[in-house]
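In each ligand, atom 1 is the first atom listed, and ligand 1 is the first ligand listed.
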Amino acid sequence: MINDDTDSHTDVRGRRRSRARRRHRKGNALFTCFLAVFVLLAGFWALWKGTSLFLTMDAEEPSTAQENRPPTGGKEVEADGTRWNLLLVNRWNLLPDQYEVDLVELPGGESVDTRIYSALQEMFDAMQTDGVYPVVASGYRTAEDQQRILDEWIAEYRAQGYSDQEAQAEAAVWVALPGTSEHQLGLAVDINADGIHSAGYEVYDWLDENSYQYGFIQRYPDGKTEITGVGNEPWHYRYVGVEAAKDMKNTGLCLEEYLEAMEESERET
Ligand SMILES: [Zn+2]
């Protein structure tokens with residue numbers, strides 16, 4: 001590479017070029033300086049504002065979470081007439097075949113259905129306003145992701161001395177089999193504390209009290225394991241829409257019970 005400072009060109013054109021390059025380099029240095037100062041200021045601003053580095057999303061991102069707005073992807077109503085936000089997936093109700101999900105990636109690397117994005121963001125903003133700092137530990141999963149997680153849990157139980165059969169049974173209490181996990185819908189998120197500003201119980205308590213206002217419910221509450229098929233998980237939240245979430249909060253019904261109650265009332269009318 002030619003070093004301009006030891007450039008031996010004597011023709012005017014060569015010198016002009018050298019000067020131009022030097023000017024260019026000075027310009028670059030100045031720009032780098034400005035950039036560094038800007039990045040520093042932005043960093044301080046983010047810290048001061050308590051802006052999350054885990055779920056900060058810009059305004060241009062899709063805002064399609066309102067349940068009555070046509071979705072950007074997926075279907076508004078499934079083949080059996082179920083609204084997308086009330087689609088039931090559990091160990092007795094498998095994910096529909098060829099289920100399609102339109103994903104948006106969160107800053108932490110997890111993804112969710114675009115239709116719940118703005119509701120999730122609003123909820124996280126509200127939490128931070130209250131001084132609670134959450135992270136999305138897990139969002140959308142493919143069937144392969146789900147299988148991998150299940151295998152890890154089974155291996156863990158095996159390592160603790162459980163037999164193959166016992167290990168599988170134990171793991172199945174906590175990890176859904178592929179095709180039976182709500183995470184495959186893209187409508188469920190595991191929410192934990194950031195571990196720096198907040199502890200787990202603070203996040204869980206806040207969610208328990210407030211999540212319904214944003215359309216999210218604690219999907220596997222204590223005392224409903226028989227019905228949901230999953231043990232108490234204070235971190236697992238499912239988007240069902242504000243209306244259903246409010247109803248479920250007021251009545252204490254889990255999703256399975258709520259859907260059954262809806263069916264019954266429809267039969268009666
Ligand atoms: Zn979960």
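- Residue E233 does not count as close to the Zn ion (ligand 1), with no N, O or S atom under 2.8 Å.
- At least one side-chain heavy atom of M123 sits under 4.5 Å from a side-chain heavy atom of F216.
- Counted by atom type alone, N93 and E256 present zero donor-acceptor pairs between their side chains at under 3.5 Å.
- If you put the vertex on the Zn ion (ligand 1), OD1 of D190 and NE2 of H183 sit 100° apart, to the nearest 10°.
- Of the N and O atoms on the side chains of H183 and D145, not one donor lies less than 3.5 Å from an acceptor on the other residue.
- With respect to the Zn ion (ligand 1), H236 has ND1 as its nearest N, O or S atom.
- Under 4.0 Å is where a charged nitrogen must lie from a carboxylate oxygen, and between E152 and R148 at least one such pair does.
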